[in-house]
Number of protein chains: 2
Amino acid sequence: MSANSRQQIIEAAGIIFERYGFKKTTMDDIAYAAGKGKSSLYYYFKNKEEVFEAVVAHEAKQLVAEINRAIDTSHSAVDKLRSYVNIRMKRFVERGNLATALNDNFLATFAFIEKIQNNYRDFEIEMIAGIINEGINRKEFKPIDANFTSEAILTCMIGFEVPLLTKSKTSEESITKINNAIDMFFYGICT
Amino acid sequence: MSANSRQQIIEAAGIIFERYGFKKTTMDDIAYAAGKGKSSLYYYFKNKEEVFEAVVAHEAKQLVAEINRAIDTSHSAVDKLRSYVNIRMKRFVERGNLATALNDNFLATFAFIEKIQNNYRDFEIEMIAGIINEGINRKEFKPIDANFTSEAILTCMIGFEVPLLTKSKTSEESITKINNAIDMFFYGICT
DNA sequence: TACATTTGGAACAAAATCGTCGAATAAAAC
DNA sequence: GTTTTATTCGACGATTTTGTTCCAAATGTA
């Protein structure tokens, strides 16, 4: 089971899925993009959904890495939270498969997407809660409930996603808006 | 036969075709985007190909209008030719359905696309030849063969399209490059 | 009411698609 | 060089999707 070939397929599939969406992408499309025969895909993946899952997992991993990099370089909790929100929203505006997976109506019907959605939501809440707890320890934030607050922030971000999906505003405009919102959030939180 | 509904369909179809390409766009997609039932489309168009033809014709008309506007505002043949090439390439980089129709491999197999391709090529050659003739009359250009030269210029542009399609460079970069090429062309032509 | 225009639900043949199977080929191990 | 293992692909069946037609219903119009 060559990890190389597998990765090759995942990356090719990522491009095609991003271009056409899950439904309109065929296994033939992916195979062709990966330079393989269709049936070869089934040597590495059980089915189309599993390919998509792998693509999303790959993107999520990259996103996590990117977020961690940004968080590590900023040293106050305020900056960390700001970095987190910025990267998350930028990624979202760029519309990767992860974002699609988390939002596409068609995909919402799939059970496996529900799993991804819930898993990722848990991850995000944990991530944000970690930052908030750090802020509390550093006395940057009031001694609020970290889990409750992180859920609130996440919900707030999701709220911002909705108009992003329907109306196609420029990325900067949207990021500015959510930054303003996050600022408002800060001034309510900070000591 | 409400021209309104027809136009509505053409515009909706344009968006969908641009997003998914001819093959991946279904009549259902178009109908949904136009807010109609699938079978209603057949009241206005004979089949899917005819819808696409109408979309391409619509875009071509817009492109022609845009080119004419630009050409009318520039008063030397050199400027006109430069405007022409710029707008044409800009449009191409933006990848409308016209551009897709002229290049997509899948579409190339269709007879009806061949018709569009040939029609449009003739139109372009005529257009460029007109500018060149004007340049010759104004003594901006040597007394060259206008038809022959315009074919050469068109072929040159098409040559530039190929790497544009495969590698996704930025639009500015490509336009700069072709402008340089056109400049070279000028210095060979100008008196 | 009578007539023309416009719409969409149901039906269907043809095409596309997913996923399987077994054979072919390449790589590795012996 | 032969056996074994890993990988690829063509062909196929079952199922779904899609382009297109037909007709009845709805809507406008005089």
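All chains are named by letter (A, B, ...) in the order of the sequence lines, taking the proteins before the strands, and each is independently numbered beginning at 1. In this text the structure is predicted, and so the values were computed from the model without any measurement.
Between K46(A) atom NZ and dG19(C) atom C1' there is a gap of 12 Å when expressed in whole angstrom units. Straight-line distance from the CG atom of D28(A) to the P atom of dC9(D): 12 Å, rounded to whole Å. In this entry the distance linking CG of N4(B) with P of dT7(C) reads 10 Å, nearest Å. K48(A) has its NZ atom 8 Å from the C1' atom of dT17(C), to the nearest Å. Atom CE of M27(A) is separated from atom P of dA14(D) by 20 Å (rounded to the nearest Å). Atom C1' of nucleotide dG10(D) and atom CG of L41(A) are separated by 14 Å, given to the nearest angstrom. For the pair Y32(B) OH and dG19(D) C1', the interatomic distance rounds to 20 Å; values are reported in whole Å. For the pair E49(B) CD and dT18(D) P, the computed distance is 17 Å after rounding to whole Å.
Ranked by how close their nearest DNA chain C nucleotide is to the 5' end, N47(A) and S40(B) are led by S40(B). Comparing K36(A) and D29(B), the nucleotide of DNA chain D nearest to each residue sits closer to the 5' end for K36(A).
Residues K24(A) and T26(B) have side chains in contact (heavy-atom distance under 4.5 Å, counting atoms from C-beta outward).
F22(A) and F17(A) have parallel rings, their planes meeting at less than 30° on a 0 to 90° scale where 60° marks the start of perpendicular.
Side-chain contact of E66(A) with Q62(A): a donor-acceptor pair under 3.5 Å is absent, judged by distance alone. Under the 3.5 Å distance criterion, with hydrogens and angles disregarded, a donor-acceptor pair is assigned to the side chains of E124(B) and Y84(B).
Of the side-chain N and O atoms in Y42(B), none sit less than 4.0 angstrom from OP1 or OP2 of dT21(D). Remark: T25(A) is not in phosphate contact with dT17(C), judged by side-chain N or O atoms under 4.0 Å from OP1 or OP2. In terms of phosphate contacts, Y43(A) brings no side-chain nitrogen or oxygen within less than 4.0 Å of OP1 or OP2 of dT8(D). A sub-4.0 Å separation between OP1 or OP2 of dA23(C) and a side-chain N or O of S39(A) is absent.
F45(A) comes within 4.0 angstrom of nothing in the nucleic acid, heavy atoms only.
Salt bridge absent: D29(A) and R19(A) never bring a charged side-chain N and a carboxylate O closer than 4.0 Å.
Side-chain atoms of K38(A) come within donor-acceptor range of the base of dG19(C), with a qualifying N/O pair under 3.5 Å.
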